[in-house]
Amino acid sequence: MDTKRWCAAWMVRDIDSSRVKQIIVGGLIDICNQLDIRILAEGVETAAEMEYFLQHGVTLMQGYYFAKPGFECLPKVDFEKLPD
């Protein structure tokens, strides 16, 4: 695992309404900031979860809130047009 990245999707769900999760994640955010570790919030599914992380300085996020997986609907790649 990259030492500059830490993810904990299991702590993201309902963080906006869970005092226990807020205390744990808040402490981890403080530790990561002190150690210059970039934080990625993975598993963000609601606007409230996103807002919590933005208010705490976390700007890297991914999850269903931003985009649901859609491999079947991705455009076909023309590999001949890709640079060598």
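- When atom types are taken as modelled, the side chain of Glu49 and the backbone of Thr46 share a donor-acceptor pair closer than 3.5 angstrom.
- Going from atom CD1 of Ile29 over to atom CD1 of Ile37 covers 12.5 Å, rounded to the nearest 0.5 Å.
- Contact annotation: the side chain of Ile24 approaches that of Met11 to within less than 4.5 Å [non-hydrogen atoms, C-beta and beyond].
- A 4.5 Å side-chain heavy-atom check between Ile15 and Phe53 finds at least one atom pair inside the cut-off.
- To the nearest 0.5 Å, the span separating CE on Met50 from OH on Tyr65 amounts to 4.0 Å.
- Under the 4.5 Å side-chain criterion, counting only non-hydrogen atoms from C-beta, Val44 is not in contact with Tyr64.
- In this structure, the side chain to side chain donor-acceptor pair (under 3.5 Å) partners of Gln62, at least two apart in sequence or on a different chain, are Glu42.
- The hydrophobic cluster containing Leu28 also contains Val20, counting ILVMFWY residues as joined when their side-chain heavy atoms lie under 4.5 angstrom apart, directly or transitively.
- Although no hydrogens or angles enter the test, the distance criterion places no donor-acceptor pair under 3.5 Å between the side chain of Lys21 and the main chain of Asp14.
- To the nearest 0.5 Å, the span separating CG on Asn33 from NE2 on His56 amounts to 11.0 Å.
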Between Met61 and Leu54, does the side-chain contact (heavy atoms from CB on, under 4.5 Å) criterion hold? Intermediate values first, please. CA-CA 9 Å; Met61 294 177 249; Leu54 286 174; 3.5 Å; yes
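- Gly26 and Tyr52 get closest at one heavy-atom pair: N-OH, 4.1 Å.
- One finds the CZ atom of Arg38 at 12.5 Å from the SG atom of Cys32 (value rounded to the nearest 0.5 Å).
- Two residues are said to be in side-chain contact when any heavy atoms from C-beta on lie closer than 4.5 Å; Leu60 and Ile39 fail this criterion.
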